[in-house]
Amino acid sequence: MASSSCSTSMLHRGSFNSKQIKNCNKELTFNHSSFCCKSLDHCKSLSATTDIKPSRLLLLNEKSMKWKQTPKFSLKNSVQCRALEIENKPSFTIGRKFQLGDVIEAQQFDRDTLSAIFDVAREMEKIEKNSPGSQILKGYIMATLFYEPSTRTRLSFESAMKRLGGEVLTTENAREFSSAAKGETLEDSIRTVEGYSDIIVMRHFESGSAKRAAATANIPIINAGDGPGQHPTQALLDVYTIEREIGKLDGIKVGLVGDLANGRTVRSLAYLLAKYQDVKIYFVSPEVVKMKDDIKEYLTSKGAEWEETSDLMEVASKCDVLYQTRIQRERFGERIDLYEEARGKYIMDRDILRVMQKHAVVMHPLPRLDEITVDVDADPRAAYFRQAKNGLYIRMALLKLLLVGW
Amino acid sequence: MASSSCSTSMLHRGSFNSKQIKNCNKELTFNHSSFCCKSLDHCKSLSATTDIKPSRLLLLNEKSMKWKQTPKFSLKNSVQCRALEIENKPSFTIGRKFQLGDVIEAQQFDRDTLSAIFDVAREMEKIEKNSPGSQILKGYIMATLFYEPSTRTRLSFESAMKRLGGEVLTTENAREFSSAAKGETLEDSIRTVEGYSDIIVMRHFESGSAKRAAATANIPIINAGDGPGQHPTQALLDVYTIEREIGKLDGIKVGLVGDLANGRTVRSLAYLLAKYQDVKIYFVSPEVVKMKDDIKEYLTSKGAEWEETSDLMEVASKCDVLYQTRIQRERFGERIDLYEEARGKYIMDRDILRVMQKHAVVMHPLPRLDEITVDVDADPRAAYFRQAKNGLYIRMALLKLLLVGW
Amino acid sequence: MASSSCSTSMLHRGSFNSKQIKNCNKELTFNHSSFCCKSLDHCKSLSATTDIKPSRLLLLNEKSMKWKQTPKFSLKNSVQCRALEIENKPSFTIGRKFQLGDVIEAQQFDRDTLSAIFDVAREMEKIEKNSPGSQILKGYIMATLFYEPSTRTRLSFESAMKRLGGEVLTTENAREFSSAAKGETLEDSIRTVEGYSDIIVMRHFESGSAKRAAATANIPIINAGDGPGQHPTQALLDVYTIEREIGKLDGIKVGLVGDLANGRTVRSLAYLLAKYQDVKIYFVSPEVVKMKDDIKEYLTSKGAEWEETSDLMEVASKCDVLYQTRIQRERFGERIDLYEEARGKYIMDRDILRVMQKHAVVMHPLPRLDEITVDVDADPRAAYFRQAKNGLYIRMALLKLLLVGW
């Protein structure tokens, strides 16, 4: 009955409207009310205490639909609702399952998941350019729980949510979250904030805190960086940018330049690139900040070729992608001499552009200091601002997938 | 004419849409334009200089409808509009007046007002769960003017406003409100901010500041805590939680545990409970932070039974509600020895649960440190996270009542 | 085809809906897709490298419509779309061009532009009072990039955007913008933020930074104050307030009182008043903070009369507008004696009101300390809070003009 009412309304609308799922679900709620838990929180504690990973999306839909019920019914319901969405996205395989529950670390993504996310991200580009005022996430609230400030990342997520019609609750300095200051655990803070929102984007100064939050929360958690740990959405937007700019991921040659020892970004990128065929990676860095062995061994184990060199010019002439990073002074402590030596060593300027191939691009996670000279910006191959913009599309895609699914 | 056009459109819509009031009102504006003040501010200064408390709601509707006119017309109009809403809420008595103008202190609420607010709060629970994207407060702006940070309270109010389709202006650190820093009075700041918003939620470090703000403002003020003074919405959500969890308020037995001397929360709660019949309150606290005599005397004067005891186990076995609070170190100054002794004295753990009745619940205003052990959380009787969530419903209810009335 | 579909829908709606422009434009996008650039960013770099000032509005519409195309087509399109709006605003001359691209400094406005902005501001007053929930800017995102806090100005802009249905991204303390802290240039920050928003309102501590931002950005920039430099929206709301309160600008007598040497506000105001006929300005200030010669010479060159006097009473009796300002202690450094002498010299109190004409008004940019006594507030001639409110209307007008044009 729900599905029929939905498919009918389908005929009357061009673009998919997430409220329809909620309407179906609402009717279902009444139909199956006898199966609904009496208390939302009993449901939650239940689902929280059982391993629900295999059907996490279902649980998510359940949540995103604000509908509490027993698993077998959420299965039934989610199938109906996915079907609904497929009517609108014939490009997607019917019944395809998308097992994304939280976004915690780059390692969680396989090739299929990446290409699925990238499909949605491309769809998001169209929405952002041609249908301002999209209402796909109308009625959803995202909480940005930032325990350390990161304006760039925060704005990117908040813009993504608002571009899809969603609302945002902001805590730019959750470290002084009165409760946290008073000694409340992260778990208790999450339990409180999840009562006010539908998804939490968290940045924290402690490695592993995103995992802890996800283990507690009954709504999706997106890791927006946890200290020295992970920053998975940056890794996703980097790979997405390479595919958008070069047109492929298999068989590409990528030069990673700068601080490879401490750069969270380049480590995750190398990790994800290893999932593709015939990838060749060049490491170009000052002696003191060379890429660590764990990544090198991982690449070898995956059959990805890699080479360490100090000849930036030669790498520039061969690569599809030159990925430059900032040498972070704070990593050198007292040894300012080493810092000065390191940062001056590999600068990207017009001389580098001259030897690069026409189709190749320069990338950078930003912010940049002088490791890429300003006169490079005007060259079409300077992709770093497009790369930053791609962060918006990737985050729009993740928010859509986690909140309303396909 | 306005009313007819409204009732007609009524037939075509399931849920009440606050914009209709605005439309009626808009037409009325034209009809009676000759009666409208020339300048909004002359109106304001007028209403500000006359005691408008008896008809404060009318004035509020007038304001919330952004419609400036002479009192006798606002009466006529508000009756029509209340009528409209009653069509949609048959549960409410026709013509019932709701005299809530500002939310300043727990003392302002009588039993009827409380039960009226709780009726709306239950309605809000349905809205939050089943109709995401509610537009009841579409077009209204709430300013959160926080002179000291309180992320938990701020997020709860902002979520409430957004769940009803309203917009929010945030000042998380109004203490550094450039103007305040330059020596501007609270009154001047309020006069400025009220020009940008429809309702102000204020948190301040000075007791009594909310009253001062309300005396100045021509839009509703909600006190979100003024220093050692009041935090009325916390008191409301506590009583609401007891009614939701236990199913009644008359005849309940409540144990207040922990810091009863300084706890703003337990003092307000005791105050409100005294409004109900045959209530029994147990005070369980370390010697140094006992409940003060003013509350004890007030309870006695209202015929509420109370008892002071040190036997938490026995209280736990008798109570419907065990309300635990945090012992705040900052209250003990140098006497850390006293603090350590006090905080260790009454911990709630699984032993307490064992003696509690099946239907009883454990409450806590949060944040909690170790005064409730984590292994209690999984028990269905642990109500403190549901209690935090109830804060959302109470604040949704207050925002609806203050901005669009019934 | 676009225009027809729009004009039809026109018949069915009372108020103008900006989404229609976007819909037209969307269809046009498909019609002319062959003319669209492949990459948004190539477009941007292109437009950024060519002098597009003459057709800046067109470029803006192009941008605000999220539609990338070759100039000649944006001309065609913008004409159609302006036509659409004219259907709804017959008061505006058909085909009239509005060449406002960024709002950087008071000097950029001529009489015509000022009166055009004021026309729209009056329209905004109606919208704010009678049609809450306006959707004129639905689907647009404004980023408030504040490198120094200014809650009053920020709230005013954010309220303006929300009153028109737009969304806001806030950075109240962009100075600690992690990237800026790490040494990122303002230009790079702007390039990133413009990817997440449709317009940037910037406050900065450095004079000239707004110009730099506008030179970089491909979306409109509004200067919300750049250090000792400009604060154009304050100047606009001051002139708008005089016109609203006195009913004219030609032939008015204005007394500028207080710190005329450092007051950014009074300097810009004097500058703009010089554009009107037969204006007479009185400078009343302590010796140490007299109006500087550059402004005096400018007024003389424009044929505006001015006079320097120490007799506030006489000025008060002659003026249409008494504009009081705060003596800023920080300007006096060590010389607290001079500060104390200066601030006490010209206080506005009820004695001043007694000699002022019935139609005259007292203005103040706020915040005020004791340079205007509180007992003046109740007098209808105290215009400073209405003046603050006018800031909202002016900012609504600018946002509408910059994002959707007439």
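In what follows, chains are A, B, ... by sequence order, proteins preceding strands, each numbered from 1. Remember, it's a predicted structure, so these values are computed and weren't measured experimentally.
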With a 4.5 Å cut-off on side-chain heavy atoms, are [Y] and [X] touching?
| X | Y | result |
| --- | --- | --- |
| B:S159 | A:I141 | yes |
| A:E167 | B:E158 | no |
| B:T170 | A:T170 | no |

So, taking the atom named [atom1] in [X] and the one named [atom2] in [Y], what distance separates them when rounded to the nearest 0.5 Å?
| X | Y | atom1 | atom2 | value |
| --- | --- | --- | --- | --- |
| B:L369 | A:E184 | CG | CD | 8.5 Å |
| A:D188 | B:I372 | CG | CD1 | 9.5 Å |
| A:L145 | B:T151 | CG | OG1 | 8.5 Å |
| B:R386 | A:R191 | CZ | CZ | 12.5 Å |

Considering all heavy atoms, the nearest A:G195-B:L392 contact:
O-CD2, 3.7 Å
Heavy-atom pair with the smallest gap, counting every atom of B:R163 and A:Y196
NH2-O, 4.0 Å
Using side chain to side chain contact (heavy atoms under 4.5 Å, CB included), reason through B:E172 and A:E172 one step at a time and then give a plain yes or no.
CA-CA 10 Å; B:E172 202 175 353; A:E172 201 174 355; 5.5 Å; no
Testing A:T171, A:T192, A:V193 one by one against B:R152 for a side-chain contact (heavy atoms from CB on, under 4.5 Å), which residue passes?
A:T192
Max heavy-atom pair count under 4.5 Å with chain A, selected residue of B:Q328, B:R368, B:E148, B:R329:
B:R368
With a 4.5 angstrom heavy-atom cut-off, could you sort out which part of B:R154 is near chain A: side chain, backbone, both or neither?
side chain
